[in-house]
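Computation of the quantities below employed the complete heavy-atom set of this structure, encompassing side-chain atoms and omitting hydrogens, waters and symmetry-equivalent molecules. Positions are given from 1 along the sequence. When a ligand or atom number is given, it counts from 1 through the structure's own listing order.
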Amino acid sequence: MNYNEVLRNAKENLNGSCRVCPVCNGKACAGEVPGMGGKGTGKAFTENIEALENYKLNMRVIHNAKNPDTSIELFGKKLTVPVLAAPVSGTTLNMGGKYSEMEYISWVIGGCLDAGVYAMVGDTAVDSFLLTNLEVLKSYEGNGIAIIKPWENKNVINKIKLAEEAGAFAVGMDIDAAGLITLALHGKPVGPKNVEEIREIVNSTKLPFILKGIMTADEALLAVEAGVDAIVVSNHGGRVLDQTPGVADVLPEIAEAVKGKIKILSDGGVRNGVDVLKMIALGADAVLIGRPFVTASFGGQREGVKSYIENVQSELKSAMVLTGCNSIDEINDRIIY
Ligand SMILES: Cc1cc2nc3c(=O)[nH]c(=O)nc-3n(C[C@H](O)[C@H](O)[C@H](O)COP(=O)(O)O)c2cc1C
């Protein structure tokens, strides 16, 4: 599949909600929430890109990493590349409305499975979105992860049960959606949670539990205390709080605090295989990618998604050769200049 063609189609199909810029960096869409941008000045989104960009790589070529293995194991599943599709929801509100939630998520889940990775599905103010996402996930034998909004605990636990019924192999909560006033306006308040409240949710399920939206080492330690299996170091793609630092800049100190105790996932500004390599070197076990899956699916549907992941894998593999890493385990901060 010609990926330039995918991007051209995406631009048309996104109806102006995304300009499909040469680099998806949050500048053209600053402040467009709802939409595809970052909140307020848009700086938290652009900072994700700049933080990653500011790390440079040590090139090394005298070694034996001739045919690196890009695969990992996560929650008992093999991934051909340490990438998951981030939960991205709201096709009508955010993506120009040409395609439905069901079309979007089925292309993303299907394309991910075709390429040997998995998708996360999201939750919004409208209950039917999660239900649609779970229905599609079920049709793919539950091969994916559901991320629920931080509603009142009873509501979160009910939704986790629905995800279990759909067969999801892990669940989680995007706790950084705690301040989304739009959700409260729908009569279903979201909010921050204390350690006991998170523990109650974690203990309600036997599935691995992921807490998404951690940006400081102290909160990563609280997440460990609450018993989670994984965190996502994330500022929600810059969509919830203006003026946060870039994820790549806070990741090393978070990794120093909790690496090995729980799985560390991270997202924000990852666009290609070199970005994946950098995030892993800075301490992530795997990364999530958000907006590029919107362009891949709106431009090339299921095949576009598969093709995007294959590109990321081949970029990652080539970058592993040139930094001397034979496996994902071998990627560490010695490759950062
Ligand atoms: C349009 C849009 C909708 C999103 N919806 C959700 C969601 O429902 N749940 C969630 O946890 N994160 C959501 N996110 C955040 C992503 O999961 C992810 O953290 C972020 O997009 C990563 O940054 P990137 O897009 O630069 O890769 C959304 C992001 C965008 C752009």
Side-chain angles (χ1 to χ4, degrees), residues 14 17-18 20-21 23-27 29-39 42-53 83-97 99 101 104-105 108 119-127 129-130 132-134 144-151 156 159 163 170-178 180 182-183 190 210-215 231-241 244 246-248 251 265-272 275-276 279 284 286-298 308 312:
L14 279 155
S17 61
C18 168
V20 191
C21 303
V23 181
C24 167
N25 58 14
K27 289 190 178 159
C29 55
E32 295 181 7
V33 183
M36 295 297 295
K39 194 174 178 183
K43 193 64 188 141
F45 176 176
T46 55
E47 201 66 25
N48 282 341
I49 302 287
E50 283 161 19
L52 265 175
E53 220 169 62
V83 167
L84 296 143
V88 170
S89 39
T91 51
T92 311
L93 204 60
N94 296 317
M95 306 171 205
Y99 296 126
E101 212 68 16
Y104 169 72
I105 204 64
V108 174
M120 293 183 171
V121 305
D123 181 22
T124 65
V126 186
D127 282 333
F129 283 7
L130 179 71
T132 300
N133 283 340
L134 293 178
I145 298 172
I147 303 291
I148 317 284
K149 288 268 171 300
W151 316 110
V156 175
K159 290 191 166 189
V171 291
M173 179 169 66
D174 51 327
I175 194 164
D176 57 358
L180 288 181
T182 45
L183 299 180
V190 286
I210 304 161
L211 197 60
K212 179 172 181 283
I214 298 296
M215 285 291 284
I231 52 170
V232 187
V233 182
S234 171
N235 62 8
H236 214 103
R239 292 171 67 80
V240 289
L241 176 65
T244 68
V247 166
L251 179 56
L265 313 178
S266 71
D267 74 21
V270 176
R271 301 289 175 261
N272 54 49
D275 293 337
V276 174
M279 282 288 204
V287 304
L288 277 52
I289 299 179
R291 294 172 178 92
F293 279 101
V294 175
T295 36
S297 62
F298 271 62
Y308 173 66
V312 169

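- Under the rule for a side-chain contact (heavy atoms from CB on, under 4.5 Å), the partners of Glu47 that lie at least two apart in sequence or sit in another chain are Lys43, Glu50.
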Decide side-chain hydrogen bond (donor to acceptor under 3.5 Å, both in side chains) for Thr132 and Glu101; before the verdict, give the C-alpha distance in whole Å, the side-chain angles of both, and the deciding distance to 0.1 Å.
-> CA-CA 7 Å; Thr132 300; Glu101 212 68 16; over 6 Å; no
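- Between Tyr104 and Phe298, the two ring planes are tilted [angle within 30° to 60°].
- Proximity of Thr46 to Lys27: side-chain heavy atoms (C-beta onward) are separated by under 4.5 Å at one or more points.
- Donor-acceptor pairing under 3.5 Å is recorded for the side chains of Asn48 and Asn235.
- Val294 is listed as a side-chain neighbour of Val88, based on a closest heavy-atom distance under 4.5 Å.
- For a heavy-atom separation below 4.0 Å, the residues in contact with ligand 1 are Gly35, Met36, Ala86, Pro87, Val88, Ser89, Asn94, Gly122, Asp123, Ile147, Lys149, Asp174, Lys212, Ser234, His236, Gly237, Arg239, Asp267, Gly268, Gly269, Arg271, Ile289, Gly290, Arg291.
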